[in-house]
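Any value given below was found using the heavy atoms of this structure, including those in side chains, with hydrogens, waters and symmetry copies removed. Naming: A, B, ... by sequence-line order, numbering from 1 per chain.
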There are 2 protein chains.
Amino acid sequence: MNAEHKSKSLDGESGDKTLSGLTTEALREAIIQGEIPPGEKLNEPQLAERFQVSRGPLREAIRRLVGLKLIEHVPHVGARVVTLDLPKVMELYEVREALEGKAAALAAQNMTDEQITDLGRLLDHHRVHFEQNQGEYLQEDGDDDFHYKIIQSCGNALLSHQLCHELYHLIRMFRFQTSRLKSRSDHALKEHTQLFYAIEQRDSQLAEILIRRHINRAKESIRNALLNNET
Amino acid sequence: MNAEHKSKSLDGESGDKTLSGLTTEALREAIIQGEIPPGEKLNEPQLAERFQVSRGPLREAIRRLVGLKLIEHVPHVGARVVTLDLPKVMELYEVREALEGKAAALAAQNMTDEQITDLGRLLDHHRVHFEQNQGEYLQEDGDDDFHYKIIQSCGNALLSHQLCHELYHLIRMFRFQTSRLKSRSDHALKEHTQLFYAIEQRDSQLAEILIRRHINRAKESIRNALLNNET
DNA sequence: GCCTTTATTATTGTCAACAATATCAATTTA
DNA sequence: TAAATTGATATTGTTGACAATAATAAAGGC
């Protein structure tokens, strides 16, 4: 087991020191960061050797990543890393819109005052970074991601799990392979600020509308960028 | 492998004749139908004997059902069937509301005329049953479930998968253990009819609103029923 | 009698070998 | 020469045994 833990463990399994658990994380990161490219067939003996485990825990890790939709498995044929083409990314953003809409609505109802203050502080931090770095939006992973913080505080564990443990890794994978795309820095900060005010005022309908528009705009921006890059 | 295939395979794995696949289905049904009760600790050697497979495929099946949220797994301790208490069911219905709202909106845009005609036929079938059976709503599983049919036709495969392959089994499990609760027969048929018209008219916003209200009412009805049954 | 510590047992996690299936390469046929 | 068939190889699926950990039972101390 020589794989290194490269990022914060975001999947609630940080206590899992079994080989299967550690292999799951290492394989997940290798996929997200493109070390194992999209579409690639997963060869069990090779991967087991790479991660220095036997095929048992490696198979368990693969099964677990099938559950996260990072891997597709065909009986008797084997497992393959998913490919995130434009149609799939569009689907992903549609699901995200629905779930994050609900999450924001619930967050506006359920977040504690302290959590809201924390969120405001994070937003301030992003604003300072934006101003000091020639308009570059600070896109952070995990605990310091604006969306993530809202989702984690929405008060619906199943919803948080769907977004943060199942879809989030797909989003990370997509971000990694499209890191050259310019993000909507100027708009993102404004929209996050609007959203923050809605949550602060406990206006759950407005919070839902705002975040859904925000994600829809991101979706359209991605669509345009990918279509333009294809021509 | 003596387990019998008791219901239509709803999870797109009907071609999976591996022991792991067959065990997954058998174990899933045993959980949904309460043969293995909520909260129960899963004992690998016993279950392997029960399903007449070795522990390997049984462990794979457990992992796969962890991905469907029917089982919770703790490293080194083991796996346990989830319990669906009131708070969790409420969470489940909130997630369902968000996803089915989006699915209905997409269905109103994307369903073919033929699919809409089929949906209307299913609704007629349910209406006839309602009238001939003293107001009892026909609650069917799988392909003949009204909601399921809309979701399957919404045109977003990821969304369909989330609802039909991940959350649907939890809902089935809940329905099974609460089968004595009276369903909202009279209202359900009316609301389904309203929803059908919205989709037929391609009014995606109305479709979303209607199905979200419908699911929210079901959620409140469940809350009341469970709270009354507790007193 | 209750609490703590130690020992035993059972279960979970892993490994390596064998069985089953798909894929690839070589040969044959049209 | 291309397509079909056959055989060999590699990979996936499964099994049973061993290792590691947790749970349970027994022993000791207050």
Any salt bridge between B:Glu94 and A:Lys102, counting N to O under 4.0 Å? no

Donor-acceptor list for residues 66-78 of chain A side chains, cut-off 3.5 Å, not counting sequence neighbours:
unit_1, atom_1, unit_2, atom_2, d
A:Lys69, NZ, A:Glu166, OE1, 3.1
A:Lys69, NZ, B:Gln162, OE1, 2.8
A:Lys69, NZ, B:Glu166, OE2, 2.3

Going 5' to 3' through nucleotides 7-17 of chain D and flagging B where a protein heavy-atom sits under 4.0 Å of the base, S where only the sugar-phosphate is that close, and - otherwise, we get ----SBBBB-B

Are A:Glu100 and A:Arg212 within salt-bridge range, i.e. N to O under 4.0 Å? no

C:dT11 C1' sits how many Å from B:Arg80 CZ, rounded? 13 Å

Tell me, please, which residues at least two apart from A:Thr18 pass side-chain hydrogen bond (donor to acceptor under 3.5 Å, both in side chains). A:Asp16

Is the ring pair A:His192/A:Phe146 parallel, tilted or perpendicular, if the boundaries are 30 and 60 degrees? parallel

